[in-house]
Amino acid sequence: MQFWDPRVEEMPVEDLKKRQYKLLKSLVYRLYSFSSFYQERMDAVGIHPDDISTLEDVKKLPFMVKADLRDSYPDKLFTVPQDEVVRYHVSSGTTGKPTVVGYTQNDLDLWTTSLARALTSCGIGRGDVIEVSYGYGLFTGGLGLHYGAEKVGASVVPTSVGNTERQIELMQDLGVTAIACTPSYLVHINDTAKKMGISIKDDTLLRIAVLGAEPWSEKMRERIEEEMDIRAINIYGTSELSGPMFTECSERDGMHIWGDIALIEIVDPDTGEPLPNGVKGELVFTMLQKEALPIIRYRTGDITLIMDEPCPCGRTHPKVARLMGRVDDMLIIRGINVFPSQVEHALLSIPEVSGHFMIEVSRKGALDNMLVRVEMNPEAFSDRIDDLIAIKQKVHHTLKGSLNVAADVDIAAPGSLPRFEGKAKRVIDRRNI
Amino acid sequence: MESEFIIRQISIFSENKPGRLASVAKALQEEGINIFAFSIAEANGFGVIRAIVNRAEDAHKKLTELGFMVSFTDVIAVKMRDQPGGLYETAVMLGDAGINITYSYAYSGRDGAVLIIRVDEVEDAIRAIKEHGGELISNNLFT
């Protein structure tokens, strides 16, 4: 059994909890003293750092939600001066406004350490050649995995997303053994390889894939593993935490959340009340060591549970089960988060169409396909087909610009789409994941 | 007097779904509206039904009530010889007159063949066609 940092990873649970408590305590003191945002938040619920006297007292602290980050655009929640920030990443927000996350050098080092432990735990290290086929750039996936894989001594091929045939050629020519990407992209790679007359199973050395950034099921894992004769490993993270950070270990039964890096809770999504281990609820993160952008009791919107039994791999850090869904209506399209509210916001900026729309998601081959059906405003109706096609293209471009993901567009007649009383159900997801 | 030759076409938006044409036709039947000429233009996912009818106002009202997106479009009707070469003659005349056609469709009825054309500047087109010896059909024939 290989460990990156055995002293930490096998630390007795009691010692780990003591360490978490110490980190939490100093984090809360630091934020209360140096951040007006956190001080106001804590004062508002009548909590002083002195009230935190056990690890369980974390539940006294107020929650953070995605809107807090959006509302503090770009960097109002940062607690270090700009000259200590060495990197920014940016993700799309719920209403078209992005959220910015920032990192000090220590933040980047800790992120990389988290991934080094994780990759080692699932069996990736020196000697491996890994294609990092997550997007490089503002998205955290590419650069995160890049540094994590370099750290464990693997040879990184920074393929990013796209140019799939080239990726397959490189896979063969460089003897690639591992890949990190979205599960749907891996299926796309496999399909493309078949068309090229290449079998991933027989004609490449690929043996392991680290897959995440979008929902996928055990069924899909079985299909991928059987078809390509590889091991498929689940990875978890969001940009608010830093990026992708945690993977399954070689047991492939839950993801270890490093306790010295993050304190996790499961809460009732409706009441916010903490739930015991083993019970399904919303995953909440407190990042114990983050400097540039502290995260306290951040509600991820992801539904899962904390697994109680000790892991046979020997790691003592708590595990969360495979994600079981979302609290909100967030969609993940080709690895990009999309909220129906973003679509609505974008459509409302186009005078030719109304705010009545539906989103239909399906898989075209291996790739997610999003169709936005929107009602046209009668005033914009023209007998000329060209004018109507122009409206369609305008909607397409506007959506692409605000969602960062392309959508097919269907123009519908006024009154033809469903109307909703109460909460709108504008999403039809036909993906079989 | 150009206005005599301006004909009101009704244009109806239609999603590409089975039965859409039938529901338009049913509505016109129920109102006792007669269709003189008719065409469907289609694009990816939707189409536009264009028709010359008697009582265009009534047709517009009825279809709008039923939830259709309808608009009026001014078009002109050029008379053609209903013989081989008839369209050629008309097309040459339109070309000589400098008419830029957005779209067109034709029908052949009791009184001969007719080419319906949609242009950007209707009145200018009417004048130019007349100057080049074209024969236009008055809108009172479509009532």
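Lettering of chains follows the sequences in order, A, B, ..., and the numbering in each one begins at 1. All values below come from the heavy atoms of this structure, side chains included, with hydrogens, waters and symmetry mates left out.
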Reported CD-to-CE distance for the pair A:Glu375 and B:Met69, which is rounded to 0.5 angstrom
9.0 Å

Give a yes or no on whether the backbone of B:Gly45 and the side-chain of A:Lys392 come within a donor-acceptor separation of less than 3.5 Å.
no

With a 4.5 angstrom heavy-atom cut-off, which part of B:Thr102 approaches chain A: side chain, backbone, both or neither?
side chain

Counting only heavy atoms closer than 4.5 Å, note whether B:Asn44 contacts chain A via side chain, backbone, both or neither.
both

Report the C-alpha distance between A:Ile385 and B:Phe46 in whole Å, list the side-chain angles of each, state the deciding distance to 0.1 Å, and finish with yes or no for side-chain contact (heavy atoms from CB on, under 4.5 Å).
CA-CA 9 Å; A:Ile385 291 282; B:Phe46 62 87; 4.3 Å; yes

More than 12 non-hydrogen atoms from neighbouring residues, nucleotides or ligands closer than 6.0 Å to CD on B:Glu89, yes or no?
yes

Answer with side chain, backbone, both or neither: which region of A:Asn377 has an atom nearer than 4.5 Å to a non-hydrogen atom of chain B?
backbone

Distance col, row A:Ser416:OG vs B:Arg20:CZ, nearest 0.5 angstrom, shows 7.5 Å

Heaviest contributor of heavy-atom pairs below 4.5 Å to chain B, chosen from A:Asp410, A:Val409, A:Ile389, A:Leu388, is A:Leu388

Grab the two heavy atoms, one from A:Phe381 and one from B:Ile12, that are nearest each other, plus how far apart they are.
CZ-C, 3.7 Å

Does any backbone or side-chain atom of B:Ile49 lie under 4.5 Å from a heavy atom of chain A? Answer side chain, backbone, both or neither.
neither

Heavy-atom closest pair, residues B:Glu15 and A:Ile411
CG-O, 4.2 Å

For the residue pair B:Arg50 and A:Asp383, what are the closest heavy atoms and their distance?
NH2-O, 2.7 Å

Contacting moiety of B:Phe13, where chain A heavy atoms sit under 4.5 Å
both

Just wondering, more than 12 heavy atoms not from B:Phe72 lying within 6.0 Å of its CZ?
yes

Tell me whether B:Asn100 at atom CG has more than 12 heavy atoms from other residues, nucleotides or ligands lying less than 6.0 Å away.
no

